[in-house]
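Here is the structure we will look at, set down as structure tokens.
Worth knowing before you read on, the calculation uses all heavy atoms, side chains too, and leaves out hydrogens, waters and symmetry mates. The structure displayed is predicted, hence computed values, not measured ones.
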Amino acid sequence: MVPKTEKSSDFEMPARNSDETVEKKNVAKDMSVQRRASARIQAAKQKAEEELHARRGAVVVEEEKEKEEKRVKVAKKWSKKRVRNGEYLGEGEVVVGVASPKKGNNGSGNEDGVGEGEGGVASSLAKKPNRRPFMQDQNGVGDSENAVANSAENKGAALRVKETIRVYNKHYLHFVQEEEKRCGKAKAESEAAKKSKSSKSKKAGPLEVKKTHQRPDLKALSMMMTNNEILYPEKRIGDLPGIEAGHQFFSRGEMVAVGFHSHWLNGIDYMGKSYGKVNSIYEYPIAVAIVLSGQYEDDVDNADDVVYTGQGGHNLTGDKRQINDQKLERGNLALKNCIEQDVPVRVIRGHKSSNGKSSNGKSSNGATKIYTYDGLYKVIKYWAEKGISGFTVYKFQLKRIEGQPLMTTNQVYFTRGRVPQSTAEIRGLVCEDITGGQENIPIPATNLVDDPPVAPTGFTYCNSVKVAKNVKFPKAATGCKCKGVCIDSTTCECALRNGSEFPYVAQNGGRLVEAKDVVFECGPNCGCDETCVNRTSQKGIRYRLEVFRTAKKGWAVRSWDFIPAGAPVCEYTGILARTEDMDSVLENNYIFEIDCLQTIKGLGGRERRSQSGTFPSNLLDKYDDHGSDGAPEYCIDAGPTGNIARFINHCCEPNLFVQCVLSTHHNLKFARVVLFAADNIPPLQELTYDYGYELDSVLGPDGKVKQVTCYCGAPGCRKRLF
DNA sequence: GCCTCTCAGCTGTAT
DNA sequence: ACAGCTGAGAGGCCC
């Protein structure tokens with residue numbers, strides 16, 4: 001393969017991921033050694049939020065008040081259940097009836113979130129004096145004028161949707177953690193009981209051990225309802241701001257969390273008769289959303305016509321067959337009423353993922369089903385017929401409303417179906433494995449942009465961090481004394497360092513529950529073995545990744561597998577060097593400052609992860625020698641040598657986040673830098689993280705502030721990389 | 001009008 | 001294979 005000099009026009013985001021340095025000659029003594037940081041700067045986002053608030057205006061205040069009263073009611077209703085649901089109380093530790101502004105200490109470390117002014121964007125659009133349900137126009141599709149006026153708010157709304165789902169995922173993982181703890185305890189108790197039983201050979205009392213997990217997804221939803229974290233808690237007709245046709249959800253729970261379809265079990269979501277008391281425009285019940293489950297893969301693509309079977313008459317506990325006649329009531333009646341009153345219905349299609357295995361043979365993901373919003377449909381007609389079992393079933397014919405964006409195959413189908421299954425199927429393959437066999441799974445490179453296509457060159461692949469000669473790397477710390485795998489978070493020393501909690505859940509091969517200041521993993525001197533969950537980030541690449549060429553951003557990375565939120569993607573490797581030694585390096589875009597300490601302390605414009613101070617000050621005393629309150633002393637240079645992480649691009653609204661991890665030693669200055677999934681990431685979506693440059697922080701050779709345009713394309717893009 | 005009770009509805013996950 | 005939990009709607013109760 002012949003290396004090719006890049007055309008500078010290819011690099012509007014300068015020299016990111018290029019293997020050949022661009023414009024070197026123009027830079028004499030450039031101060032612009034651009035360094036990535038683990039915490040992002042929020043200025044631009046905050047500004048956008050403020051503008052949004054201003055736009056909402058004072059009118060909304062009154063409406064919010066009204067809404068607030070309703071929230072209090074809902075919270076009261078839910079308070080009992082919440083107590084029953086377990087110990088984890090979620091963020092804000094909400095007291096009944098008090099609406100809590102939430103801080104989204106999740107994922108990318110973004111602040112704000114859903115809670116603050118929950119449903120705010122929507123409410124300004126939705127609220128009419130007589131509480132008429134939200135509807136953009138008679139067809140349910142906004143006219144162009146409205147569309148323009150709403151587009152800016154929709155951007156914010158899309159972000160709110162994303163944040164809400166992150167909150168849901170966080171609650172979900174907390175409850176998985178709680179359940180794993182409970183099951184672990186139950187297992188240990190039952191084993192102990194067995195032992196004593198056999199030793200005594202006496203009849204022990206019946207010990208009921210509930211092994212199965214108790215639906216952490218449902219608990220997460222309960223939690224969100226209690227905390228008023230549901231983005232759109234009131235049912236609405238028509239589209240919801242921030243969710244356009246083609247939007248993918250990864251569980252029924254996500255849709256409930258957003259308020260897109262308000263039940264995790266029912267197929268038909270409808271507004272009941274009680275809505276008629278406050279709004280006499282319609283005859284209720286009327287349907288607002290339906291889920292077509294599992295029958296989609298045999299359907300014709302872009303099918304605009306749907307025949308939907310009504311609900312009822314099923315044998316719920318047994319074989320799920322029809323055992324009774326369906327009646328024209330509840331959801332069925334709601335759909336019928338939609339015909340007569342010309343009310344559009346949101347149609348969501350559920351698809352099964354074809355397989356859950358990655359090429360390494362391990363079970364790779366948690367998503368077995370995804371749900372795609374297919375747009376607004378109108379119910380054309382309905383009829384009753386005798387079903388296969390001989391009982392009456394109601395059928396509803398729905399037709400997609402015209403004027404909505406057409407679904408492409410990629411949007412409609414789960415993209416996994418399009419993923420290559422072998423190297424022979426890969427289009428534009430330029431390198432079968434850039435790792436040279438160093439990773440568990442080969443990482444191919446593809447190039448459909450350049451002519452002739454070239455492979456990434458100019459670096460040596462290394463799957464672990466190499467230490468520069470002049471750096472004294474800390475010695476390995478003493479570890480925990482656990483045997484086998486660490487289970488008891490009250491005795492495992494590594495868990496104690498994490499605040500008496502394991503930071504990971506075992507589900508899907510290990511997932512980080514939430515972003516932390518720093519994660520203490522088990523290391524070489526620990527008593528546990530390599531299967532211990534507290535070594536999650538040390539297990540190498542888990543997903544089938546691909547390096548691919550883009551037109552504007554150089555190289556980029558995507559996964560062929562679904563990556564669940566909280567799963568580790570890769571470590572950032574390279575040469576661990578002193579930051580001051582890097583000042584003389586020209587145009588190196590691969591330097592990552594290890595700024596764990598600065599993030600914990602919120603120094604240098606970095607956003608703190610733990611607002612509530614979950615990182616105890618005594619620990620900070622223990623792991624910090626107070627010698628470096630200014631700039632990070634050490635960095636990782638992935639320029640000459642590095643791994644897959646060096647190809648991952650920046651994005652202002654990324655799907656990965658940076659997590660500092662300590663495993664072999666406990667020196668924060670030398671923390672490992674690991675990238676985790678902030679969201680559920682579908683196959684073939686580009687992987688990105690926030691480089692975290694502070695605006696105006698990079699100076700050019702002339703001493704002036706250097707500005708570089710960002711081309712990430714995110715709706716909330718800050719327009720500048722730095 | 002408010003409160004309480006009943007029951008339809010089918011997914012997610014472990015085995 | 002099986003646990004899971006909301007919310008519509010009906011009925012009862014009180015003012």
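With rounding to whole Å, A:N680 atom CG is found 12 Å from B:dG12 atom P. Distance, A:N266 CG to B:dT11 C1': 11 Å, rounded to whole Å. B:dT15 atom P lies 12 Å from atom CD of A:Q507, rounded to whole Å. Look at CD1 on A:I286: it is 12 Å from P on C:dG9, rounded to the nearest Å. Rounded to an integer number of Å, the gap from A:L265 CG to B:dG12 C1' is 11 Å. In this structure, A:M255 atom CE and C:dC5 atom C1' are separated by 17 Å, rounded to whole Å. With rounding to whole Å, A:Y275 atom OH is found 10 Å from C:dA8 atom C1'. As a whole-Å value, the separation of A:D325 CG from B:dA8 C1' is 16 Å.
Regarding contacts with the backbone of B:dC10, every side-chain N or O of A:Y371 stays at 4.0 angstrom or more from both OP1 and OP2. Using a 4.0 Å cut-off, some side-chain N or O of A:S222 falls inside it from OP1 or OP2 of C:dT6. Residue A:K273 places none of its side-chain N or O atoms closer than 4.0 Å to OP1 or OP2 of C:dA8. For B:dG12, neither phosphate oxygen OP1 nor OP2 lies less than 4.0 angstrom from any side-chain nitrogen or oxygen of A:R215. Dashed line: the shortest gap from a side-chain N or O of A:K235 to OP1 or OP2 of C:dA8 is under 4.0 Å.
The one candidate from A:R535, A:R511, A:E521 that meets the side chain to side chain donor-acceptor pair (under 3.5 Å) condition with A:Y504 is A:E521.
Within 6.0 Å of atom CD in A:E340, more than 12 heavy atoms from other residues, nucleotides or ligands are found, so the atom counts as buried in its surroundings.
Among the nucleotides C:dT6, C:dC5, B:dG12, the one closest to any side-chain atom of A:M225 is C:dT6. Checked against C:dT6, C:dG4, C:dG9, the side chain of A:Y270 finds its nearest nucleotide in C:dG9. Among the nucleotides B:dG12, B:dT13, C:dG4, the one closest to any side-chain atom of A:W264 is C:dG4.
Heavy-atom distances to DNA chain C give each of A:S274 and A:H263 a nearest nucleotide, and the one nearer the 5′ end belongs to A:H263. Nearer to the 5' terminus of DNA chain B, by closest-nucleotide assignment, is the contact made by A:N332 (compared with the other of A:N332 and A:S251).
The side-chain heavy atoms of A:F562 and A:Y543, taken from C-beta on, include no pair separated by under 4.5 Å. A 4.5 Å side-chain heavy-atom check between A:D305 and A:Q397 finds at least one atom pair inside the cut-off.
A ring-centre distance under 6.0 Å is not found for A:H174 and A:Y172.
Within 4.0 Å (heavy atoms only), A:G267 reaches sugar-phosphate atoms of the nucleic acid but no base atom.
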